[in-house]
Trainee: 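Before anything else, here's the structure in question.
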Amino acid sequence: MAFGITRQHVNEWKRKIDQGEIAFLTHYWYDERFPKAKTVTKVGCKDINKLIRWGEQYGLKKEWIHHRKEGYSHFDLLGDVEKQILKQEGLWESSQFFKNY
């Protein structure tokens, strides 16, 4: 279940994906399977091969991509992996979601 984002955030993420960019969408999240995870970052791209290459640089496997019929396929980043990748991408410090980490 997602919290802390607006329809505008989702639409901007989709717009970037539609333009072939690597797009990031972070939101608060709860799933009982991952009780320690408070957020998730969805990293998507229209060009699946580009998304695969992006993920490989961080050790992400192409099998981990959530393929979506509507075209917004993405990786889900959680926990330490989320933090590490967002820091390397220069997105950690600017995100409102990680002010208390």
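Here the structure is a predicted model, which is why all the values come from computation and not from measurement. Note that the numbering runs from 1 along the sequence shown for the chain.
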Trainee: Which is it for Val40 and Leu77 under the side chain to side chain contact (heavy atoms under 4.5 Å, CB included) test, yes or no, and what are the steps along the way?
Mentor: CA-CA 6 Å; Val40 63; Leu77 307 180; 5.8 Å; no
Trainee: Report yes if the side chains of Lys46 and Tyr72 come closer than 4.5 Å at any heavy-atom pair, otherwise no.
Mentor: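 Not touching, per the 4.5 Å side-chain cut-off.
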Trainee: Give a yes or no on whether Asp80 atom CG has more than 12 heavy-atom contacts from other residues, nucleotides or ligands under 6.0 Å away.
Mentor: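 No, CG of Asp80 has 12 or fewer neighbouring heavy atoms, counting only those of other groups under 6.0 Å.
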Trainee: With distance as the sole test, does Lys50 use its side chain to make a donor-acceptor pair with the main-chain N or O of Gly20 at under 3.5 Å?
Mentor: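 Indeed, once roles are kept as given, a pair shorter than 3.5 Å links the two residues.
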Trainee: Using a strict threshold of under 4.0 Å (side-chain N to carboxylate O), is an ion pair present between Lys42 and Asp76?
Mentor: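 Counted as a salt bridge, because a side-chain N and a carboxylate O are separated by less than 4.0 Å.
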Trainee: Counting only heavy atoms from other residues, nucleotides and ligands, does the tally under 6.0 Å from CD of Gln8 exceed 12?
Mentor: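 It does not: Gln8 CD has 12 such atoms or fewer within range.
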Trainee: Tell me whether Arg15 is salt-bridged to Glu12, with the criterion being a basic N under 4.0 Å from an acidic carboxylate O.
Mentor: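 Judged by the 4.0 Å cut-off on N to carboxylate O distance, Arg15 and Glu12 do form a salt bridge.
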Trainee: Does the side chain of Trp54 come under 3.5 Å of the side chain of Glu89 through a donor N or O and an acceptor N or O?
Mentor: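 Checked: Trp54/Glu89 side chains pair up, N/O donor to acceptor below 3.5 Å.
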Trainee: Could you tell me if the side chain of Val81 sits less than 4.5 Å from the side chain of Tyr58, heavy atoms only?
Mentor: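 The answer is no; the side chains never approach within 4.5 Å.
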Trainee: With side chains defined as the heavy atoms from C-beta onward, is the minimum distance between Phe75 and Thr41 less than 4.5 Å?
Mentor: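 No; the side chains remain at least 4.5 Å from each other.
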Trainee: Do Cys45 and Ile22 make a side-chain contact, defined as non-hydrogen atoms from C-beta onward lying under 4.5 Å apart?
Mentor: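 Yes, at least one pair of side-chain atoms sits under 4.5 Å.
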Trainee: Go through Lys62 and Ile48 one step at a time and tell me if the side chain to side chain contact (heavy atoms under 4.5 Å, CB included) criterion holds.
Mentor: CA-CA 9 Å; Lys62 65 182 179 183; Ile48 295 297; over 6 Å; no
Trainee: Please assess Ile52 against Ile65 for the test side chain to side chain contact (heavy atoms under 4.5 Å, CB included), listing each intermediate value before the final yes or no.
Mentor: CA-CA 8 Å; Ile52 290 168; Ile65 294 173; 3.7 Å; yes
Trainee: Side chains of Arg7 and Val10: closer than 4.5 Å at any heavy-atom pair?
Mentor: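 Yes - at least one pair of side-chain heavy atoms lies under 4.5 Å apart.
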Trainee: If you count heavy atoms of other groups shown closer than 6.0 angstrom to CD of Glu70, is the number above 12?
Mentor: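 Count over threshold, so yes.
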Trainee: Evaluate side chain to side chain contact (heavy atoms under 4.5 Å, CB included) for Leu78 paired with Trp29, printing each intermediate quantity in order.
Mentor: CA-CA 10 Å; Leu78 303 163; Trp29 177 74; 3.3 Å; yes
